[in-house]
Number of protein chains: 2
Amino acid sequence: MTDWKQLLSNAGCRITTPRRAVMQVLMSSDAPLSPQEIRERAQAMHHELGLVTVYRTLKLLTELNLVRRIHTEEGCCGYVAVALGEACHHLVCTSCRRTVEFPCTGLDDTVAELERLTGFSVQNHWLELLGLCPACQAKQKVVIQRKEEC
Amino acid sequence: MTDWKQLLSNAGCRITTPRRAVMQVLMSSDAPLSPQEIRERAQAMHHELGLVTVYRTLKLLTELNLVRRIHTEEGCCGYVAVALGEACHHLVCTSCRRTVEFPCTGLDDTVAELERLTGFSVQNHWLELLGLCPACQAKQKVVIQRKEEC
DNA sequence: GCCTTATTGAAAAACATTTTCAATAAGGGA
DNA sequence: TCCCTTATTGAAAATGTTTTTCAATAAGGC
């Protein structure tokens, strides 16, 4: 859990109170958070934390692959801490935003076929799944039942 | 090629000069364009076209699945016309931005496995591939050769 | 503990997108 | 074909997000 400090340090960056606060907030959330939300929560640990610093910290952490930017809905985006590094993607609940990280697998064939077809050489990709988490599926069933009762 | 007019009409929307201009610009570009770029190009057809109208038109066309929003790089996004409707994704050249549409296939197994593992029910997904188109691969080889000659 | 220098926070700038509202023009019906 | 209703438009202003600037601060190697 102090891995990230090592990584920052190795990259020649300092371990500062704002960075600790932002990292802690992200690691203890299972949903993507906006810079604003991160600031609000992180201020519990570091009251003077400025929004500018949050942006700068997120940029740094994203470059180091400690954090991933997620585009949950049109125009709305958030950040999550990642454990699996570069080779992972996210499954986000459209209702409560709970997010699960999963390893990147199963695309190789599609990519190979596409390279053959188009002549492109694929370097990178971006995948995100949207759905309902178990808890929100249950809630939704209750809503449907109530409607039927009317 | 007039399909989109039919679709707009069926949705109870009018076929206006601004909409024609935006649609034509998007259909004749093989790279994603920003609202600004769309406006600049579309003004050749409709000089008074306002940026606000471009935004509104893009929103409408996106809802009707005639256009897709693409997040090519951090913070940079653009719009492309789509032919395959909802069930397609895009492969974008990171150098010249040329974009190829491809049908959505090959994810079913990954999704099923993930549903089993997490209990989520997956409703939707978002995939984008980044790479180099054949032309830009060729250019890059030339650059590498030149470097070696030094 | 000191000193160098990366990092921070506040204000201002830059940028992207949305809202508001009166003027305009699509296109269905007479 | 013309008229009338109403969706659509464009400009200005509002809103919201992200970046830049710069002096003050604090990390952490020595």
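Quantities reported herein were computed from a predicted structural model and do not represent experimental measurements. Side chains included, hydrogens not; waters and symmetry mates left out as well; all remaining heavy atoms used. Chain A is the first sequence line, chain B the second, and so forth, proteins listed ahead of strands; every chain is numbered from 1.
Nucleotide D/dT17 holds its P atom 13 Å from the CD1 atom of A/Ile38, rounded to whole Å. Distance, B/Glu37 CD to C/dC15 C1': 15 Å, rounded to whole Å. Rounded to a whole Å, the CD atom of A/Gln36 is 9 Å from the P atom of D/dT18.
When side chains are defined from C-beta on, B/His71 counts as touching B/Trp126, because their heavy atoms get closer than 4.5 Å. A/Leu8 places a side-chain heavy atom less than 4.5 Å from the side chain of A/Arg19. Within the 4.5 Å cutoff, the side chain of A/Val67 has no heavy atoms near those of the A/Val82 side chain. In this structure the side chain of B/Gln140 never reaches within 4.5 angstrom of the side chain of B/Ser95, judged on heavy atoms. The shortest side-chain heavy-atom distance between B/Cys96 and B/Cys136 falls under the 4.5 Å cut-off.
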Exercise. If the sugar-phosphate is the primed atoms plus P, OP1 and OP2 and the base is the rest, what is the B/S/- string for nucleotides 4-14 of chain C, using protein heavy atoms under 4.0 Å?
Worked result: -BBSBBBB---
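Think of B/Val100 as one node in a network of Ile, Leu, Val, Met, Phe, Trp and Tyr side chains linked at under 4.5 Å; its network also takes in A/Leu91, A/Val100, A/Phe102, A/Leu107, A/Val111, A/Leu114, A/Phe120, A/Val122, A/Leu127, A/Leu129, B/Leu91, B/Phe102, B/Leu107, B/Val111, B/Leu114, B/Phe120, B/Val122, B/Leu127, B/Leu129.
At the phosphate of C/dT17, OP1 or OP2 sits under 4.0 Å from a side-chain N or O atom of B/Arg69.
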